[in-house]
Every structure is written in structure tokens, then in C-alpha cells.
Protein chains: 2
Amino acid sequence: MADGLNERSQNILEAIVEDYIASAEPVGSRAISRKHDFHLSPASVRNVMADLEEMGLLCSPHTSSGRIPTEKGFQYYIDTLLDVRDLNRNEKQNLRNSYRFQNMRMEDIMQEVGRVLSGLSQYTGLVMAPKFISTVFRQIDFIRLSQGQLLMIYVSETGLVQNKVIEADPSLTGSDLERISNYLNSELNGLSIQEVRTKLNRELQEDRIHYDKLKKQAFNLSCAALQGEIEDQLYVSGASLMLEQPEFSTPEQMKRLVHAFESKKILIELLDRGQSARGVQIFIGSESSQVDLEGCSLITSNFSNQKGAIGTLGVIGPVRMNYSQVVPIVDFTAQLVSRVLDLEIEKN
Amino acid sequence: MADGLNERSQNILEAIVEDYIASAEPVGSRAISRKHDFHLSPASVRNVMADLEEMGLLCSPHTSSGRIPTEKGFQYYIDTLLDVRDLNRNEKQNLRNSYRFQNMRMEDIMQEVGRVLSGLSQYTGLVMAPKFISTVFRQIDFIRLSQGQLLMIYVSETGLVQNKVIEADPSLTGSDLERISNYLNSELNGLSIQEVRTKLNRELQEDRIHYDKLKKQAFNLSCAALQGEIEDQLYVSGASLMLEQPEFSTPEQMKRLVHAFESKKILIELLDRGQSARGVQIFIGSESSQVDLEGCSLITSNFSNQKGAIGTLGVIGPVRMNYSQVVPIVDFTAQLVSRVLDLEIEKN
DNA sequence: TGTTAGCACTCAACAGAGGTGAGTGCTAAA
DNA sequence: TTTAGCACTCACCTCTGTTGAGTGCTAACA
């Protein structure tokens with residue numbers, strides 16, 4: 001049905017969407033007829049507009065105002081009319097230069113990426129670090145904090161450091177711990193946490209019979225350390241830029257947005273949805289089914305290293321977002337970050 | 001001069017401040033004369049109000065409105081009229097129960113404290129973790145990330161984990177690194193970073209003569225690792241609660257606040273100012289000299305462990321803040337956190 | 001002398017009226 | 001099929017008058 005649009009209708013829809021993206025104001029027939037040389041009078045444009053409205057691609061806030069695209073209209077625009085040009089060599093180089101990844105910890109890289117994404121797009125940048133469970137084991141360390149408490153320090157292949165406090169048998173001595181971590185480090189090297197977990201479960205069952213005390217303790221400890229959920233790291237940059245957008249100019253909308261950005265759960269949930277897909281993904285408005293994010297669109301892409309650790313980055317802006325500008329930035333940044341993560345290993 | 005207030009003026013000032021704290025609206029003479037039984041007519045109250053206005057303790061937004069306290073008025077109220085009652089046994093227990101510190105990493109504790117502070121006060125909770133430089137050395141570890149890059153992992157006495165990427169001589173082998181970290185761990189144990197730094201500088205000079213290669217490499221590495229600035233950790237909780245306050249209800253003020261909360265620098269600077277003091281401190285409004293924080297007051301207290309690592313926690317709210325409620329919460333929470341940090345060591 | 005009633009005055013806030021202009025839908029002519 | 005013309009709509013602005021809470025001043029009172 002939506003594809004039954006003839007060329008003229010498509011052109012007018014595109015013009016309306018783009019005018020609206022630029023101005024954030026309802027677009028009238030006169031403006032379309034003048035600015036774009038379709039050689040059509042306002043009246044003819046109005047006829048087309050009425051058709052588009054009937055199809056649910058446009059709507060008017062009130063009888064005597066211009067039209068604004070509906071979410072369905074934006075969806076059609078993105079699916080059919082938007083041409084995403086690749087960045088040219090120059091722009092790519094500029095983007096590369098915006099990032100400084102030298103001697104940076106994983107956290108710093110993520111934060112930097114968020115900052116740059118937000119700075120370039122003038123919307124809000126989001127970066128979700130690779131999930132703990134998808135990272136590849138590199139090293140584990142145990143440090144006694146108090147009688148019954150150990151601090152576990154875990155380092156992934158890419159240099160991501162996680163730590164966690166676990167309870168442990170107080171009778172374990174320092175050298176016990178050292179032997180245990182040495183054992184685990186040789187045993188688990190190169191496995192993803194996912195794989196580590198299945199290995200642990202398997203071995204724990206077998207070892208119940210063999211009764212090697214060291215192994216048993218080692219596996220028990222690492223079970224405690226690597227089991228439970230470790231919450232996702234989400235970096236939000238430039239939240240205040242969103243408040244400059246006219247669609248979020250009322251106090252109520254500002255509160256809603258700030259709340260959404262503050263309780264990162266909402267965003268993490270949203271970003272998770274795109275984790276399985278490849279390439280750039282666009283979530284429009286109410287697709288998110290998050291009341292607090294009404295009126296927002298999200299452009300994301302996953303980045304990953306060759307070992308399969310997947311993170312997500314993106315930009316969140318108003319539905320009336322400049323997709324043709326932001327999509328290539330998100331796309332190329334994801335490629336860039338993927339490469340940086342692999343470099344950290346390859347140079348190894 | 002301000003202390004030349006007679007009892008009646010003080011009573012009326014107190015009544016006005018407290019009414020204003022409760023209502024956020026200018027307070028009129030009639031309301032004061034009725035709600036509080038001073039046995040004074042509105043006209044008499046007005047006379048006193050006129051005096052207080054002349055002293056700069058009150059002001060009126062316009063000729064025919066009630067009075068609101070000026071910052072000076074709030075200052076006087078806090079210095080002279082505010083009686084901060086201690087929490088009773090019951091309230092203390094409740095507060096203790098609000099916190100769950102079991103098996104928590106330093107970061108989690110800080111975040112939890114911020115959340116609870118914000119939840120109890122209904123304003124915004126701030127927690128600044130002890131500065132890296134003030135923490136006490138416990139353990140250091142080096143992990144090779146790539147040819148020329150090492151990941152340094154540092155653990156403090158209290159279980160605070162810091163990591164940093166440093167450049168290093170690619171010829172160092174794994175066992176070199178192990179020996180170096182063993183050496184440093186025995187050598188630097190129990191010193192604060194501050195002390196470590198002076199020790200390193202001293203030894204580096206002496207060792208230039210003795211030419212012990214291991215030592216030299218060890219000190220060089222730890223210098224690179226522990227030197228530069230490590231940015232302060234600041235946890236902001238409940239920023240959106242501030243947006244509910246009527247003084248920040250316009251879009252402009254919301255933007256200002258969100259911006260201030262987002263660029264944590266502003267807040268860190270402010271919290272740093274109180275680091276040397278003991279007990280609860282109150283910064284009122286423009287004292288902060290931060291445009292973005294106009295109209296805000298800050299109640300802070302430091303927490304510390306016996307080894308001298310100092311952090312700061314507090315609540316930021318409108319100048320029209322419920323001081324008598326929030327001050328004891330901040331005070332007792334700081335004591336609580338101090339005790340928790342010491343426990344982590346003592347149990348040791 | 002301190003307190004209070006009375007009174008004229010001020011001003012934010014609200015509501016209604018009227019004008020303006022950008023935009024629409026419909027109709028009939030080109 | 002396109003377009004000119006026209007009546008109509010409605011957000012937005014400005015102007016106006018009303019209301020009410022609150023003030024300062026003054027004169028009378030205890």
C-alpha cells in the first residue's frame with residue numbers, strides 16, 4: 001500500500017520530511033511549491049498532501065496548519081527515500097582524527113566515543129561496552145579484602161577490567177590463592193566467559209569424583225566470581241543537547257527525557273534489542289515502547305572484535321533527526337571501534 | 001549588625017524562612033500573623049518585615065507580593081536559627097537498614113550511598129570517592145596488552161581498583177613483569193600514593209648510582225603508572241528529582257541544571273572545597289560562583305578511613321532546601337560510610 | 001510608645017476580545 | 001489534470017479589564 005506512491009507523491013513526501021527535519025515546524029503547501037521546483041502550485045501540492053495524510057504518512061496538528069510527517073511517514077522516508085551516502089575519504093579521516101585512542105583504557109575509549117558521537121551529531125551519544133559475558137578471559141586475580149571476603153579482578157583479552165567482591169573460605173592462605181589463580185589462568189585462557197561457565201559446570205561435576213582439592217577450590221572460587229550478573233556499562237554523552245531540541249522544550253518533556261537518561265535500564269534494554277543485527281539499525285519513536293523515550297529515535301550499530309565480544313554504540317535524537325547525516329557517522333564509528341579493539345589484540 | 005535582631009524579628013524571620021521552605025511561595029504578613037501565634041496583627045508583622053528587608057535578609061519579588069528570604073537571610077537562618085537535631089535511635093537504625101553494603105565493591109558502595117541520599121532527601125545525591133592520590137597501596141599488577149602497552153591494575157587498601165594503560169619497553173618479558181610487581185608489592189605496601197610518589201622520586205635518584213636493573217625498571221614502570229592525574233570518581237543520583245523543584249521549573253533552568261550535573265567538573269570543584277573541613281558543611285547559592293548552579297545549595301560531609309583516604313558525600317538541592325531534615329542525614333551517612341571503609345580493613 | 005485598623009495603592013495572574021496571518025478544503029474554470 | 005479563487009479555521013499575539021493578595025502609610029488606640 002505505502003509503496004503505491006507515485007513519483008510525485010514521493011518527491012513531495014521527501015520534501016516535507018526534509019523541510020520538517022530542518023525547521024521542526026509544520027510544512028505548508030506554499031513553502032513546498034516555492035522552495036522545490038516541482039512546477040506545481042500550492043493547490044496541487046495540497047491535493048497530494050491530502051492523499052498522503054489519508055495514507056497515514058502525514059498529519060496536521062490542527063486544521064489550519066501545515067503538515068508534519070507521522071512516524072509512519074518517517075519510517076517510509078527511511079526505508080524508501082533516504083539515501084545514505086558513505087563518508088568520503090576526507091570525512092573519514094576527520095572522523096578518525098576526532099578520536100584519540102592512544103593509551104586508553106576500555107572505559108576511556110567508550111566514553112570518548114560517546115563524547116565524539118554526541119559532539120558530531122549534536123544529539124546524545126550512547127555507548128554500551130561489550131557485555132561481560134561475551135568477553136574473552138585473559139587473567140584472573142584474587143586479593144583478600146577481609147577475613148571472609150575476596151576481591152576478584154578479571155581482565156579480558158581487550159583490557160577490560162572487572163572486579164567483584166566475593167565471599168570465600170577464610171582458611172585459604174595467600175599462596176593458596178596464588179596457586180588457584182595460576183591454575184585458572186592457564187586453564188581458562190582464551191575462553192569467553194560463556195565458555196568458561198560451561199567448562200566450570202562440566203568440570204565441577206567430574207571433579208566431584210577425583211577430589212583434587214586445589215582444583216575444586218579453584219573452580220568454586222571462579223564460579224562465585226564469574227557467575228552472577230554483572231551490570232552492563234552504558235555511557236551517555238551530551239544529554240543536555242537533547243534539551244535544546246524544540247520537541248523537548250516543555251518542562252514535562254525535559255523531565256521525561258532526563259529520567260530516561262538517568263535510569264540507564266531503559267536505554268540498555270533498547271540497545272540490547274539491536275545486538276543480534278548487523279550494520280546500522282534505526283528505531284523510530286514509539287517502537288521503543290518506552291513512555292519516557294516518546295518522540296525519540298535511535299540509530300545504532302554494533303561493534304565487535306574478532307573474538308566475538310559485541311558492544312553497541314549509537315545516537316539518540318528526536319524522531320525528526322537528521323538521519324542522512326548521523327547514519328554514516330554511527331556506521332563508520334562502529335567500524336573504527338571494532339578495528340581498535342582488534343588492534344589491541346593483534347599487536348599482542 | 002545581623003545579630004542586632006531582637007527575639008521577635010528572629011521569630012518572624014524563622015517563620016518566614018520555614019514557610020517559604022515548605023511552600024516555595026512568597027510569604028505574606030497575614031499568613032505569618034495567622035499561622036503562628038505571635039499575637040501580632042499583620043500590620044505589626046509588616047513593620048518587622050520592612051526592617052528585615054532593610055537589613056537585606058528578605059526581599060519581595062514585586063511591590064505587592066509577600067517576602068522571600070534572600071541568600072543572606074538563609075545564611076542567617078542556618079547560622080543562628082536552625083537547630084539541627086540528631087537522628088534518634090530509630091531513625092539511625094532505619095538509615096542503616098537503607099544501605100546494603102554486603103559484598104560490595106567500592107564503586108557499588110558509592111553509588112548506593114548516592115541513591116539512598118537522593119531517595120531520602122528527595123534532592124540530588126552526590127558522592128565523590130576518595131581521591132586516588134589519598135588511597136593506600138595494597139597491590140599492583142601489570143598485564144601486557146600489546147607490544148608496547150601494559151595494563152596496570154592497582155588495588156587500594158579498601159579494595160578500590162584503578163587501572164591505566166601505560167607504554168613500556170617491549171622487551172620486558174612476562175616473568176620480568178612478575179618479578180617487578182612482586183618487588184613493588186613488598187616495597188610499597190602500606191604507603192599512600194602520595195608517599196609512594198615521594199619514595200619513588202627519592203629512590204630513582206639514589207638508584208641511578210647503584211644500577212640495579214630490576215629496581216630501576218620497577219620504579220620506572222610504577223612512576224609511569226602512578227604519576228599522572230587520575231580523574232575523580234563522582235556519582236550523581238536523582239538528578240531528575242531536582243527538576244521537580246518549582247525553582248527549576250522553566251526550561252532554561254532545567255537546561256542549566258542538567259548541564260551542571262552532566263559536566264561533573266563543576267561539581268567536583270565544588271566538593272573539593274569542603275575536603276579539608278570536618279563535619280557538615282553548607283554552601284549556599286551563589287557562594288558556589290557557578291552560574292549553572294545558581295539557586296542551588298549544597299550540604300556535604302567528608303568520610304574517611306583511618307588511613308586518611310578522604311571522600312565527600314552530600315546532597316544538592318534548591319537554596320530553599322529543608323536543611324533541618326537533610327543535614328542530619330548527610331552527617332550520619334558520612335559517619336556510616338567511614339565506618340564501613342574502616343571495617344573493610346579491620347576485618348583484615 | 002508600641003500596636004493595630006483602615007485605606008489607598010500596586011501588580012501578577014487570569015480571562016476575554018479582537019486582529020493577523022499562515023494554512024487549509026472545496027469549487028469551478030482553464 | 002491543474003490551478004486560481006474564496007471562505008474558513010485556528011494558533012498566536014496584543015490589548016483590556018478584573019480580581020485578589022499583599023503592601024506602605026497614617027491615624028487612632030491601649
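Throughout, a chain's letter reflects where its sequence line sits, starting with A, and its residues are numbered from 1. No hydrogens, no waters, no symmetry mates; every other heavy atom, side chains included, goes into these values.
Residues from residues 19-32 of chain A lying near DNA chain C, meaning a heavy-atom separation below 4.0 Å, are A/Gly28, A/Ser29 in numerical order. A heavy-atom distance below 4.0 Å to DNA chain D is reached by none of the residues of residues 243-256 of chain A.
Whole-Å rounding puts the B/Ile68 CD1 to D/dT23 P distance at 13 Å. Note: NE2 (B/His39) to C1' (C/dG2) measures 17 Å, nearest angstrom. One interatomic measurement links the two molecules: CG of A/Asp51 to P of D/dT2, which rounds to 11 Å at whole-angstrom precision.
The closest side-chain donor-acceptor pair between B/Ser324 and B/Asn322 falls under 3.5 angstrom.
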(request) Walk me through it: do A/Ser301 and A/Asp331 pass the test side-chain hydrogen bond (donor to acceptor under 3.5 Å, both in side chains)? (result) CA-CA 6 Å; A/Ser301 184; A/Asp331 191 18; 4.6 Å; no
(request) Output, in order, the C-alpha distance, side-chain angles, deciding distance and verdict of side-chain hydrogen bond (donor to acceptor under 3.5 Å, both in side chains) for A/Gln245 and A/Tyr123. (result) CA-CA 9 Å; A/Gln245 296 296 331; A/Tyr123 303 121; 4.8 Å; no
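What you find for B/Met242 and B/Cys296 is that their closest heavy atoms are CE-SG, 3.8 Å. Considering every non-hydrogen atom in both A/Leu293 and A/Ala260, the closest pair reads CD2-CB, 3.6 Å.
Tested against B/Ser29, the residues B/Arg46, B/Arg67, B/Arg34 include a single side chain to side chain donor-acceptor pair (under 3.5 Å) partner, B/Arg46. Among A/Asp19, A/Ile12, A/Asn11, the single residue meeting the side chain to side chain contact (heavy atoms under 4.5 Å, CB included) criterion with A/His36 is A/Asp19.
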(request) Produce a footprint string for nucleotides 24-30 of chain D: one letter per nucleotide, 5' end first; B if the base is under 4.0 Å from any protein heavy atom, S if only the sugar-phosphate is, - if neither. (result) B------
(request) Produce a footprint string for nucleotides 7-18 of chain D: one letter per nucleotide, 5' end first; B if the base is under 4.0 Å from any protein heavy atom, S if only the sugar-phosphate is, - if neither. (result) --BBS-------
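Between the side chain of B/Glu262 and the main chain of A/Gly238, a donor-acceptor pair closer than 3.5 Å is present. Under a 3.5 Å cut-off, the side chain of B/Thr70 and the backbone N or O of B/Leu57 do form a donor-acceptor pair.
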Side-chain donor-acceptor distances from residues 263-270 of chain A under 3.5 Å, at least two apart:
{"residue": "A/Lys264", "atom": "NZ", "partner": "A/Leu234", "partner atom": "O", "Å": "3.2"}
{"residue": "A/Glu269", "atom": "OE2", "partner": "A/Gln290", "partner atom": "NE2", "Å": "3.4"}

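Ion pairing between a basic and an acidic side chain is recognised when a charged N comes within 4.0 Å of a carboxylate O; A/Glu25 and A/Arg320 show no such pairing.
Using a 4.0 Å heavy-atom distance criterion, A/Ser44 is classed as a base contact.
Listed by chain and residue number, nothing satisfies the side chain to side chain contact (heavy atoms under 4.5 Å, CB included) test with A/Asp51 (two or more places apart in sequence, or in another chain).
Summarising the geometry, atom CG belonging to B/Leu117 is positioned 11.0 Å from atom OG1 belonging to B/Thr124; distances are rounded to the nearest 0.5 Å.
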